[in-house]
Structure formats: C-alpha cells, structure tokens
Amino acid sequence: MANMKEIKGRIQSVRDTQKITNAMYLISSNKMRKAKKELENTRPYFEATALNIRRIFRSCKTIESEYFYPSDKTYEIEGTYGYLVITADKGLAGPYNQNVIKEAMRLMSKKHEKKLFVVGEYGRQFFNNKKIPIEKSFLYTAQNPTLRRAREIADILLDMYEDKQLSKIYLIFTHFENGMEEKVEVLRLLPFNRSQFKPTKADLASNIPWPKGEIEFFPEASEVLENMIESYVTGIIYGALVDSFCSEQNARMTAMDAANRNAEELISNLTLQYNRTRQAAITQEITEISAGARAKKKKREKALKAAKEKMAEM
C-alpha cells in the first residue's frame with residue numbers, strides 16, 4: 001500500500017493536470033464562439049451567391065456548364081477523384097480525427113485513380129506514416145480558418161478540375177450538427193447537380209422577384225455562372241473549415257470535460273485512500289503507544305513485586 005506522502009503527491013499531480021484540462025476547455029469554448037461568429041458574418045454573401053445561381057437556372061433552363069452534371073442527371077464519371085480531407089493539428093479531441101480519417105480511407109479504398117489533399121497536421125502525419133501519397137498538403141494551421149485560405153484551396157482545386165486532372169472532388173470534414181454533436185460528412189464539391197439549385201419554398205415565399213421569362217445576360221449566362229462558381233466553391237470550403245474547427249473545439253471541450261470529471265473522481269478516491277491510510281497510521285501509533293504503556297506498567301508492577309518480596313525476606 002502506498003504511504004501518505006505518495007498519495008498526497010498523486011493528488012497534487014492530478015489537481016495540476018486538472019488545471020490544464022480546465023484551461024483547455026475554456027480556450028476551446030472561446031475559439032469556437034469566435035469561429036462561429038466569423039462564419040455568421042460571411043455567410044450572407046455566399047447565400048446570396050447560391051441564390052443568384054438558382055435564379056440563373058430558373059431563367060435559363062437549358063444552360064450547360066462544366067461544373068454541373070448535364071441535363072440534371074448524375075452518372076459515374078471516369079477519371080481521377082480528388083479528396084480534400086480536413087483534420088486537426090493535434091489530438092486530445094476524442095475520436096474527432098480518427099472518424100474523419102476512417103471515412104476518408106473507406107472512400108479511397110474504391111478502385112479508381114485518386115489524389116489526396118490534406119488540411120491539418122494530424123492528417124498529414126497519419127497519411128505519411130501509412131505511405132499514402134499526398135498531392136497537396138496545405139501547411140497552414142487548421143486552427144485558424146480564414147476566407148483567404150479557403151480561396152487558395154478553391155483556386156488549386158478548380159484549376160485542376162478545369163485542366164481535367166480531376167473529374168470529381170469530394171470534401172470530407174466534420175459537421176457541427178445542431179450545435180451539440182459532431183458528424184463526419186462527405187460532400188461532393190464538384191461537379192454540382194442542377195437539382196441542388198432549384199428554388200426553395202423559402203425563396204418562392206420571399207419578396208425576391210423571381211424571373212418568369214428570359215433574362216438577358218452579358219456576355220452570356222454561362223460566363224456569369226462560371227464567374228460565380230469560384231466564390232461559391234470558396235464559400236463551401238470556408239464553411240467546411242470553420243465547421244470542422246468548431247467540431248474540433250466541441251470535441252476537445254467534451255474530452256476535457258470528461259477528463260475533469262475523471263480527475264474529480266480520482267481525487268475523491270485518492271482522498272479516501274489517503275484518509276484511510278492516515279487513519280490506519282494513527283490507529284497503529286495509538287496501538288503502539290498503548291502496547292508500550294502496558295509493557296511499561298507490567299515492568300513497573302514486576303519491579304514493585306520483586307522489591308516487596310526482597311523486603312519480606314529481610
């Protein structure tokens with residue numbers, strides 16, 4: 001059994017660790033609130049872009065674009081598939097990273113040519129350790145998603161798509177679902193399906209003047225549409241970066257909260273063990289004192305008895 005000094009040292013060590021986990025919980029909470037606020041500030045622009053794309057399709061029903069499946073149909077496309085995988089830069093976030101990587105590995109196990117794009121140090125290290133080639137690793141931190149970085153990623157992916165180096169692009173990230181839990185989501189970034197841009201009930205019920213006839217575009221509708229695609233793809237990637245970042249912080253908050261609860265339980269158990277050890281030591285000390293007192297009393301009584309016997313002989 002550990003002595004009281006060792007138990008006391010363990011209690012202090014757990015309390016020191018608890019201070020760290022509690023600080024990480026508070027930091028993650030603050031980062032998540034900040035990221036969500038930034039996303040809310042930029043979301044109206046990308047929603048307006050999507051709205052205008054829907055208006056173009058509403059007006060020009062026969063318009064075609066390389067960024068869309070033709071004639072509102074989906075089919076299996078031959079060629080090289082691109083996978084943009086978003087992970088964190090570090091662990092201590094529960095199963096957050098492993099869930100994303102597991103889904104990415106499942107998709108890439110299919111028999112087709114593939115190119116891998118990675119955001120986040122955790123993902124880079126994993127795929128490098130597994131000897132899986134990475135086409136492009138975005139070396140800036142996943143801890144600071146910005147619109148500029150999302151635009152850089154979008155430019156690279158769009159250039160490769162336009163050059164026919166990629167025939168499909170998938171985005172694998174973690175969605176912060178209902179503000180409560182995280183869920184790995186796979187999103188086909190390109191090509192789009194025209195059905196994604198059908199006017200919603202909210203659009204039709206709003207005060208937006210939806211076109212009823214043909215609208216004249218300059219220079220033409222397809223060029224207007226293609227100019228919007230870059231902004232729209234940038235918005236999707238930026239939303240995924242922020243979504244993943246919020247999910248990471250929420251996962252880390254959950255992990256740190258669980259660590260705090262476990263620390264409290266461990267401290268409680270160690271304190272109970274300390275008190276029992278201390279009580280046992282006190283009991284042992286009292287027993288030793290009582291035994292010593294009894295022995296001393298017997299010795300005194302024996303000496304007194306011997307003295308009386310000696311006096312009686314005289």
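Rounded to the nearest 0.5 Å, atoms CG (L166) and NZ (K168) are 12.5 Å apart. The structure places OG1 of T146 at 7.5 Å from OH of Y238, a figure rounded to the nearest 0.5 Å. Taken to the nearest 0.5 Å, the OG atom of S13 stands 9.5 Å off from the CD1 atom of I267. The structure places CD1 of I172 at 11.0 Å from OG1 of T87, a figure rounded to the nearest 0.5 Å. Here L157 contributes atom CG and L84 contributes atom CG; the two are 6.0 Å apart, rounded to the nearest 0.5 Å. The line from CD of Q279 to OG1 of T283 is 4.5 Å long, rounded to the nearest 0.5 Å.
By the criterion of side-chain heavy atoms lying less than 4.5 angstrom apart, applied directly or through intervening Ile, Leu, Val, Met, Phe, Trp or Tyr residues, M105 is grouped together with V85 in one hydrophobic cluster. Note on F127 and Y96: separate hydrophobic clusters, where clusters join Ile, Leu, Val, Met, Phe, Trp and Tyr whose side-chain heavy atoms are under 4.5 Å apart, directly or indirectly. Each of L272 and L270 belongs to its own hydrophobic cluster when Ile, Leu, Val, Met, Phe, Trp and Tyr are linked at side-chain heavy-atom distances under 4.5 angstrom.
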- prompt: Do R149 and E152 pass the salt bridge (Lys or Arg N to Asp or Glu O under 4.0 Å) test, and can you show the C-alpha distance, the side-chain angles, and the key distance before you say yes or no?
  reply: CA-CA 5 Å; R149 291 173 175 174; E152 290 174 359; over 6 Å; no
field: From CA spacing to verdict: side chain to side chain contact (heavy atoms under 4.5 Å, CB included), F173, L187
entry: CA-CA 8 Å; F173 65 103; L187 178 66; 4.2 Å; yes
- prompt: Run the side chain to side chain contact (heavy atoms under 4.5 Å, CB included) check on I229 and F192 step by step: do they pass?
  reply: CA-CA 10 Å; I229 291 299; F192 295 113; 4.1 Å; yes
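Shown here are the side-chain contact (heavy atoms from CB on, under 4.5 Å) partners of E135, two or more places apart in sequence or in another chain: K115, F117, M160. T80 pairs by the side chain to side chain donor-acceptor pair (under 3.5 Å) definition with nothing, not counting sequence neighbours. The side chain to side chain donor-acceptor pair (under 3.5 Å) search around D155 returns none, not counting sequence neighbours. The salt bridge (charged side-chain N to carboxylate O under 4.0 Å, His left out) search around R261 returns D257, not counting sequence neighbours. A search for side-chain contact (heavy atoms from CB on, under 4.5 Å) contacts involving K110 returns L107, H112, not counting sequence neighbours. In this structure, R15 has no side chain to side chain donor-acceptor pair (under 3.5 Å) partners at least two apart in sequence or on a different chain. In this structure K164 satisfies the salt bridge (charged side-chain N to carboxylate O under 4.0 Å, His left out) test together with E66, sequence neighbours excluded. Listed by chain and residue number, D16 satisfy the side chain to side chain donor-acceptor pair (under 3.5 Å) test with Q12 (two or more places apart in sequence, or in another chain). Residues satisfying the side-chain contact (heavy atoms from CB on, under 4.5 Å) test with R278, not counting sequence neighbours, are M4, Y274, I282. Every residue meeting the side-chain contact (heavy atoms from CB on, under 4.5 Å) condition with N22, not counting sequence neighbours, appears here in chain and number order: L26, N260. Listed by chain and number, the residues in a ring-ring contact (aromatic ring centres under 6.0 Å, His included) with Y122 amount to none (sequence neighbours excluded).
Applying the side chain to side chain donor-acceptor pair (under 3.5 Å) test to residues at least two apart or on different chains, the pairs with a partner in residues 99-108 are E103-R106.
Here the side chain of T234 pairs no donor or acceptor atom with the backbone of R151 at under 3.5 angstrom. With hydrogens and angles disregarded, a donor-acceptor distance shorter than 3.5 Å links the side chain of S247 to the backbone of T174. With D243 contributing its side chain and G239 its backbone, the two residues share no donor-acceptor pair below 3.5 Å.
A salt bridge between E6 and R10 is absent, with no side-chain N of the basic residue lying under 4.0 Å from a carboxylate O of the acidic one.
Counting only heavy atoms from C-beta outward, the side chains of M108 and L116 approach each other to under 4.5 Å. Counting heavy atoms from C-beta outward, I11 and L266 have side chains that stay 4.5 Å or more apart. Looking at heavy atoms from C-beta onward, F138 lies in side-chain contact with K136 at the 4.5 angstrom threshold. Side-chain contact between L189 and V233 is present, with at least one heavy-atom pair separated by less than 4.5 Å.
In this structure, E113 places its CD atom where only 12 or fewer heavy-atom neighbours from other residues, nucleotides or ligands lie under 6.0 Å away.
The two atoms that bring P191 and Y161 nearest to each other are CB-OH, 3.4 Å, heavy atoms only. Contact record, G123 with V118: C-CG1, 3.9 Å, taken as the closest heavy-atom pair. Scanning both residues, N97 and A88, for their nearest heavy atoms gives OD1-N, 2.9 Å.
Using cut-offs of 30° and 60° on the angle between ring planes, the pair Y170 and Y81 is tilted.
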